[in-house]
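Presented below is the structure to which this report refers.
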Amino acid sequence: MKSNPTVLAPGYRFKAWLTAKRMIGRLLASLALGAVLFVFAFPLLWMCSYSLRSTDLPSPIQFELFVLPLAWDNYARVLNTLPLTRYLWNSVLVVGAAVPLTLIAASWAGLALTQVSARVRVALLLMSIALLLVPAPALWLPRFILYTRLGWINTLFALIAPALMGSSPFYVIMFYIAFARVPIDLIESAQLEGANLLQVWSRVALPLARPTLVAVAVLSFVFYWSNFIDPFLYLRSEANFTLPVGIQTLQAVMRSNWPLLMAAAVMMAAPVLVVFLLAQRLFLQGEITLARWLR
């Protein structure tokens, strides 16, 4: 039996119209996303462009992007002007020690909150929220007195010490929310098979909380990498300065040399951007794993 084309034509036209509508919607969404991305990426692009501008050229009167020839030697001049290599190494040491300690301490505390009674859990969560409301300047003097008594002033231990307590109650709450989603039956089954609480944390709870683990790692990395107040308060020797303090010192020495200042800013921002791009992929993988597990 042959089909009547006059009957099927409206259906085909409707499908074509629906497909075209979806394509136009995706195109408009892509254009809007590109516009937002350009707005947020433009300062970074301008910073990179100005860092490659020759110091012999006058300041641009109008917008100029990547003026030739590119002055790649600005980065070498920045490293030779001040011991920024030493500052960079100090920042790497602080981040390399503080981020793993933050993950361990905050995840332990978050898992412990899931194991206590409901009354104790509510009290600890309220205390954590109250600590988040305490302004940062209120902690400067007590920490300075404590670090002085411990002999940590003018040492990198003063910058790493907050990681021993999880760096922030916010990270503990994040891990608690992630571990609270793990079924208690799964934890009890692991304990019945002979696993202790440390093995439950490392083999059961932590793999299921991979998105939270990645998020806390990125947030703590950004905090310790860009931390300026703590080195400014607790460090005295120039040999112990971190990169944010070094860039501030460079700005005092070369206040009007914007290409070199922008080169130093690129060196400061590049690791954060790289970590964010790498962590985004890990975060998406963790979300996919968690979604499969929840099914």
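Since this is a predicted model, take the numbers as computed values, not measurements.
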Derivation of the side-chain contact (heavy atoms from CB on, under 4.5 Å) call for M262 and L52: CA-CA 9 Å; M262 291 298 103; L52 297 175; over 6 Å; no
Starting at [atom1] of [X], measure out to [atom2] of [Y] and round the result to the nearest 0.5 Å.
X: F241; Y: F232; atom1: CZ; atom2: CZ; value: 9.0 Å
X: I184; Y: Q115; atom1: CD1; atom2: CD; value: 5.5 Å
X: L113; Y: S128; atom1: CG; atom2: OG; value: 6.5 Å
X: Q248; Y: L250; atom1: CD; atom2: CG; value: 9.5 Å
X: L260; Y: L79; atom1: CG; atom2: CG; value: 10.5 Å
X: T114; Y: R121; atom1: OG1; atom2: CZ; value: 7.0 Å

Residues L186, L208; criterion side-chain contact (heavy atoms from CB on, under 4.5 Å); working and verdict: CA-CA 11 Å; L186 189 62; L208 296 177; 3.8 Å; yes
Anything under 3.5 Å between a donor and an acceptor, one on a side chain of residues 136-152, the other on a protein residue two or more places apart or in another chain? List them.
{"from": "W140", "atom 1": "NE1", "to": "A136", "atom 2": "O", "distance (Å)": "3.4"}
{"from": "T148", "atom 1": "OG1", "to": "F144", "atom 2": "O", "distance (Å)": "2.6"}

Below 4.5 Å, heavy atoms only, C-beta onward: do [X] and [Y] meet side chain to side chain?
X: P162; Y: Y224; result: yes
X: T155; Y: Y234; result: no
X: S51; Y: N74; result: no
X: S91; Y: Y87; result: no
X: L159; Y: L235; result: yes

Same cluster (ILVMFWY, side-chain, under 4.5 Å), [X] and [Y]:
X: L131; Y: I129; answer: no
X: L192; Y: L198; answer: no
X: I173; Y: V122; answer: no
X: L133; Y: M165; answer: no
X: V275; Y: V272; answer: yes

Of all heavy-atom pairs between [X] and [Y], which one has the smallest distance, and what is that distance?
X: D230; Y: N227; value: OD2-ND2, 2.9 Å
X: M267; Y: Y75; value: CG-CD2, 4.0 Å
X: S168; Y: L132; value: OG-CD2, 3.8 Å
X: A264; Y: I247; value: O-CD1, 3.5 Å

Run the side-chain donor-acceptor check on residues 97-111: report pairs under 3.5 Å with partners two or more places apart or on a different chain.
{"from": "T102", "atom 1": "OG1", "to": "A98", "atom 2": "O", "distance (Å)": "2.7"}
{"from": "T102", "atom 1": "OG1", "to": "S167", "atom 2": "OG", "distance (Å)": "2.6"}
{"from": "S107", "atom 1": "OG", "to": "L103", "atom 2": "O", "distance (Å)": "2.5"}
{"from": "S107", "atom 1": "OG", "to": "I104", "atom 2": "O", "distance (Å)": "3.0"}
{"from": "S107", "atom 1": "OG", "to": "W201", "atom 2": "NE1", "distance (Å)": "3.0"}

I'd like to know if the side chain of [X] reaches the main chain of [Y], judged simply by a donor and an acceptor atom lying under 3.5 Å from each other, with no hydrogens or angles considered.
X: S49; Y: L45; value: no
X: D73; Y: A76; value: no
X: R236; Y: N154; value: no

Aromatic ring proximity, centroids under 6.0 angstrom, F175 and Y171: no
Worked check of side-chain contact (heavy atoms from CB on, under 4.5 Å) between L93 and L156: CA-CA 8 Å; L93 289 178; L156 297 181; 4.2 Å; yes
Candidate pair R53 and W258, rule side-chain contact (heavy atoms from CB on, under 4.5 Å), full reasoning: CA-CA 9 Å; R53 185 181 179 88; W258 291 108; over 6 Å; no
